[in-house]
Every structure is written in structure tokens, then in C-alpha cells.
2 protein chains.
Amino acid sequence: MAIERRPLRDQIREELLKRLDRGDFAAGTDVNEAALAAELGVSRTPLREALITLAGERILESNQGRGFRFAPVSRQEFREVCSILAALESLALESSDPAHLKRIAPDLLQLAHGFPDPVAEQQIIDRHDDEWHDLLLSGCTNERLLDLVTGVKAGMRRYAHLAVADDAPLRRDADEHAAIARHLLDGDLPAAVVALKTNWANGAERMLARIPEE
Amino acid sequence: MAIERRPLRDQIREELLKRLDRGDFAAGTDVNEAALAAELGVSRTPLREALITLAGERILESNQGRGFRFAPVSRQEFREVCSILAALESLALESSDPAHLKRIAPDLLQLAHGFPDPVAEQQIIDRHDDEWHDLLLSGCTNERLLDLVTGVKAGMRRYAHLAVADDAPLRRDADEHAAIARHLLDGDLPAAVVALKTNWANGAERMLARIPEE
DNA sequence: GCTATGAATTCTGTATACAAAATACTTCAG
DNA sequence: CTGAAGTATTTTGTATACAGAATTCATAGC
């Protein structure tokens, strides 16, 4: 048994994010601290600390006297966050070592079309996409930027479970990823950045198309 | 007496940020929770909640068993954060209503050279700069983006008090702000964005030049 | 039957308590 | 005098306690 040498608040935060991925929490619903703490087998103190962290990531909202609730979702917010991530990843790409980008380009190309199991669970598929973007940013030395990207992406987890499965958008994403990789292979960083921004814009709309109204 | 209808953690956070501006906390030093809580006249519980929020903003670091400490500063991190803010403000500008930008351009121009008292305290001067940038972004409808900018800027407060007073850089900043405003007046948004990025890059170096080594 | 009022309950926000980890201090061997 | 070992102290991380705000439920008046 690996004894956890990490604050409970961090472990709780991770567990809550995992449950968020599974769609356990509906957007807009209140958090009952006592009930959730009991369910997790911890006291309210570290739970509240985790909730405050999640509120800082805009996954939760807090209202005086009314506690925490899961932040409502909206197509507008999703687009907003995607445009932020497009800008941040573009900056990360622009401030990466061109030689390193050229070196990882083949891996990016291969990973783009190396689908996971086509009938895999949504979580697996999303992780595959994350993996690709992580590799893309692996040469960025701006620690604060990578940190920020991670934080902003965490908030996107509220949307993952809302989407219905669909293969076509995944293939388009793979194509766009491959295009970015090829630009990097050519050493054409500006083109890669443009393609990345396009990918985020298209990816946002494809994702939204997979989310039913209301 | 205005009775505060806001969680203590928020009030504590603000008080700590104010003290940070005053340079009360040296980077890298530990936070003694009990002592600080006593000084603020609150218990450790809301204090810790504020500390956790500040850790989320990268103003503090936390280590298991060792509590919180003020995050170390470095020229590299300062440049990293400035480049992030350049990208985020550029995005905000690009996603603003051009008509609104043209409308506020005269105000931006006037505010650029309307110095505060030349011998004013550093805090006043910094606030003047913030005011200009806030006005610049006032037409941005991307709420999440504005939120993110605010959060990232909060972390920059760790650097404000390290700089020695100097008029020349302020004048250059004013010139660059005026240049941005004129581009907006011309309706040339791309040029304004380029000028804004230049302003952030130059501004970062000017600020660093005002910070003594070690 | 519906609204308003008030009591009862639930829940949050803050304070306090306590155990374990980390740090500081003391003592002793070499 | 230096370093190690063991003890005392401090400090954190988590649990519990408690007061007050928010909500719910019941009752009374129209």
C-alpha cells in the first residue's frame, strides 16, 4: 500500500476532477459539504480547501452563505476558453526551440493518426488528445505558461462528459493535428501556429456540435 | 460601519495582497500561520483558505508538512509572465468591438500622458498603469479572459515593490501607450496589437532594469 | 386555495482541538 | 570543537465544535 505523502486537499481535488469527468456532478448544482466529505471519508476542512482550489480554477463558484456550486456551462464560455487556449498554446509553440519541434514532429504525426481503440471510452479518447497537445508543448520552457495551460484545461473537464460519441470529428482533429505536425517537419513555425489556431477554432465548434442543446 | 458581507478568506486575501504591494513579505520566506492569523485577528481556518487561493495564483508555494512560503522571484519568471500577459491582452484586444476601441481611443491617448503626480508613491503610479490597461480591455466581452488576466496580473504584484523609482521608463511607457491609442484611432487593430506586444516586451525589460541584482 | 409569518432544520463560515511531522535544542561521544 | 543522537518545541494538517445565516416546513390569516 502506497501511503500518500500528499495533502488530502490535493487528493480530494483529483478525486473530484475524476468524478467530474465521469459526469457525476451536474453543472449548476450545489455542493453539500458534509455529505460529500462523509462520502469521501474525510472531514470538511480538507474538502473545503479542495473546493476553494477548484473555485480558483472556475470549476466551482462560491457565494457567501450559500457555499459552492458547480459552475454553469454555456456554449459561449466554452468558446471563450478555447480561444484562450488557442492563444496560450500558440505562444507556447512560438517560444519553443525550433530544433526540438522538428525532432518531435514525426512523433506528433504518428500520434495524430494513431487512434486509440475506436470504440474506447470517451475518457480514453480525450486523454489521447491531451497526450498529443502535451507532446506539442513539451519543448516549451515557459513554466508559468505550461502551468496556466494546465489550469485552464482543467476547467474544460466540465464539458467532456456532455458530448455524445462521434467518430467523424475525431478524424478531422487527427487530420488537423497531422497538418500541424507536417508544418513543424517543414520547419515552418508560423504556419504551424496558424494551423494550431484553426484547430482550436474548428475543434471548439466540432465539440459543441456533439453537445445536445440544453 | 460597513459590516462586511464577504467571506473572511477574501478579505484576508486582499489584505495580504496589499501587504505584498508594500513589500512586507520577502520572496522565499515562510508563512507562520498562527502568527499571521493572530496579527490579522482571525483564526487559522480562513487564513489557510486565503493562502490556498494565493497558492493557486502562484503567489505562494505549498510544501507538504512545511506550509506555505512566498514564491521566489526571478527575472526569468517575470519575463515569462509578461509574455503571457502580452498574449492574453493581445487576444482581448483582437476580440474587442472595433467600434468601441475607436470610441475609447481618445481617452486612452489622454490617459497615456496624463501622468499622476511625478513624485507620487510607486503604488499610485502602478495603479495608473493598471487603469490604462483596464480601459484598453474594457471592450472585451470574453469574461473568462478578463478573469484570467486579472489573476495573472495579481502574481506580478510580487515584483512591484522590488523596483526603484525612475521617471524615464514611465515616459517611454506613456509614449508606447499613446502609440497604441493612435493605432486604434486610425482603426488599425493589427498595428495596435503589434504595438501592445512591443510595449509588454519593452516594459518587461524596463521594469527589470529598475530591479537591482540579487 | 394561496400568501405570509414564524418555528424548525440544514448548512455554511469560522474557531478551536489534537495528532503527527518538522524543526530546534541539548547533550554526549569522539 | 564538531558531529550525532535523542529530546523538547514549534508548526502544520486534519478533525471537531459552534454560531449564525439560509432554507424548509408548518401554521395562520385572508
Side-chain angles (χ1 to χ4, degrees), chain A residues 1-20 24-72 158, chain B residues 1-20 24-72 158:
Chain A
M1 168 192 76
I3 53 167
E4 275 297 356
R5 202 133 195 69
R6 225 163 30 122
L8 272 183
R9 62 170 178 276
D10 290 347
Q11 300 177 52
I12 293 169
R13 174 177 169 279
E14 257 181 45
E15 174 63 25
L16 293 179
L17 283 176
K18 203 181 298 177
R19 295 186 181 200
L20 193 65
D24 287 1
F25 307 115
T29 58
D30 291 338
V31 173
N32 185 325
E33 296 178 13
L36 188 52
E39 197 178 320
L40 295 170
V42 297
S43 77
R44 282 179 57 216
T45 307
L47 170 60
R48 277 179 63 85
E49 295 185 346
L51 296 178
I52 285 165
T53 303
L54 292 171
E57 303 178 85
R58 300 297 182 259
I59 289 169
L60 295 171
E61 294 179 349
S62 94
N63 285 81
Q64 166 71 306
R66 227 162 290 176
F68 299 87
R69 68 166 184 163
F70 286 87
R158 290 182 293 139
Chain B
M1 168 190 79
I3 52 168
E4 275 295 355
R5 208 136 189 66
R6 223 162 31 123
L8 271 183
R9 63 170 178 276
D10 290 347
Q11 301 178 51
I12 293 169
R13 174 177 169 278
E14 256 181 47
E15 174 62 25
L16 293 179
L17 284 176
K18 204 182 299 179
R19 294 187 181 197
L20 193 65
D24 287 1
F25 307 115
T29 58
D30 291 338
V31 173
N32 185 326
E33 296 178 13
L36 188 53
E39 198 179 321
L40 295 171
V42 297
S43 78
R44 281 179 58 217
T45 307
L47 170 60
R48 278 178 62 85
E49 294 185 347
L51 296 178
I52 285 165
T53 304
L54 291 171
E57 302 177 86
R58 300 297 182 261
I59 289 169
L60 295 171
E61 293 179 349
S62 94
N63 285 81
Q64 166 72 303
R66 227 161 292 176
F68 298 87
R69 69 165 184 162
F70 285 88
R158 289 182 293 139

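Throughout, a chain's letter reflects where its sequence line sits, starting with A, and its residues are numbered from 1. Heavy-atom basis, side chains included; hydrogens, waters and symmetry copies ignored. These numbers come from a predicted model, not from an experiment.
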Which residue lies more 5' along DNA chain D, comparing B:Asn32 with A:Gly41 via nearest heavy atoms: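 First, find each residue's nearest nucleotide; the 5'-ward one identifies B:Asn32.
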
Residue met sooner reading DNA chain D from 5', once B:Gly67 and A:Pro46 are mapped to nucleotides: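 Between the two, 5'-proximity favours B:Gly67.
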
Separation of C:dC11 P from A:Asp30 CG (nearest whole Å):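 It is 10 Å, rounded to the nearest whole Å.
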
Rounded distance (nearest 0.5 Å) linking atom [atom1] of [X] with atom [atom2] of [Y]:
X: A:Leu51; Y: A:Ser62; atom1: CG; atom2: OG; answer: 10.0 Å
X: B:Asp30; Y: B:Glu61; atom1: CG; atom2: CD; answer: 10.5 Å
X: B:Ser43; Y: B:Leu8; atom1: OG; atom2: CG; answer: 8.0 Å

Residues which pass side chain to side chain contact (heavy atoms under 4.5 Å, CB included) with B:Arg13, listed by chain and number, not counting sequence neighbours: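 Result, side chain to side chain contact (heavy atoms under 4.5 Å, CB included) vs B:Arg13: B:Leu17, B:Ala50, B:Thr53, B:Leu54, B:Glu57, B:Ala154.
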
Estimated bend of the helix from C:dG1-D:dC30 to C:dG30-D:dC1 (axis per five terminal pairs, rounded to 10 degrees):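 The angle, to the nearest 10 degrees, is 10°.
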
Cationic N near anionic O, under 4.0 Å, B:Arg19 to B:Glu15: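 So B:Arg19 pairs with B:Glu15 through a salt bridge.
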
Looking at every non-hydrogen atom in both residues, tell me the closest pair between [X] and [Y] and how far apart they are.
X: A:Ala71; Y: A:Arg58; value: CB-O, 3.7 Å
X: A:Pro72; Y: A:Arg158; value: O-NH1, 3.0 Å
X: B:Pro46; Y: B:Val42; value: CG-CB, 4.3 Å

Test side chain to side chain contact (heavy atoms under 4.5 Å, CB included) applied to B:Leu16 and B:Asp24, B:Val31, B:Leu60, B:Leu47, the passing residue: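 Only one of B:Asp24, B:Val31, B:Leu60, B:Leu47 forms a side chain to side chain contact (heavy atoms under 4.5 Å, CB included) with B:Leu16, namely B:Leu47.
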
Just to verify, what does [X] make a side-chain hydrogen bond (donor to acceptor under 3.5 Å, both in side chains) with, not counting sequence neighbours?
X: B:Asn63; value: none
X: A:Arg48; value: A:Glu33, B:Glu49
X: B:Thr45; value: none

Enumerate the residue pairs fulfilling ring-ring contact (aromatic ring centres under 6.0 Å, His included) with a member in [range], sequence neighbours excluded, ordered by first and then second residue.
range: residues 43-63 of chain B; answer: none
range: residues 39-67 of chain B; answer: none
range: residues 24-61 of chain B; answer: B:Phe25-B:Phe70

Terminal contacting nucleotides, 5' and 3', DNA chain D versus chain A (heavy atom, 4.0 Å):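 Contact span on the strand: D:dT14 to D:dT23.
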
Letter per nucleotide, 5' to 3', of nucleotides 17-25 of chain C [B base touched, S only sugar-phosphate touched, - untouched; heavy atoms, 4.0 Å]: B---SSS--

Touch class at under 4.0 angstrom, heavy-atom based, for B:Asn63 against every strand present: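 Since only primed, P, OP1 and OP2 atoms lie under 4.0 Å of B:Asn63, the category is sugar-phosphate.
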
Positions of residues 51-58 of chain A (non-hydrogen atom under 4.0 Å from DNA chain C), listed by number: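 Nucleic-acid contacts, sorted: none.
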
Identify each atom pair where a protein N or O and an N or O of nucleotides 7-9 of chain C are less than 3.5 Å apart, giving names and distance.
none

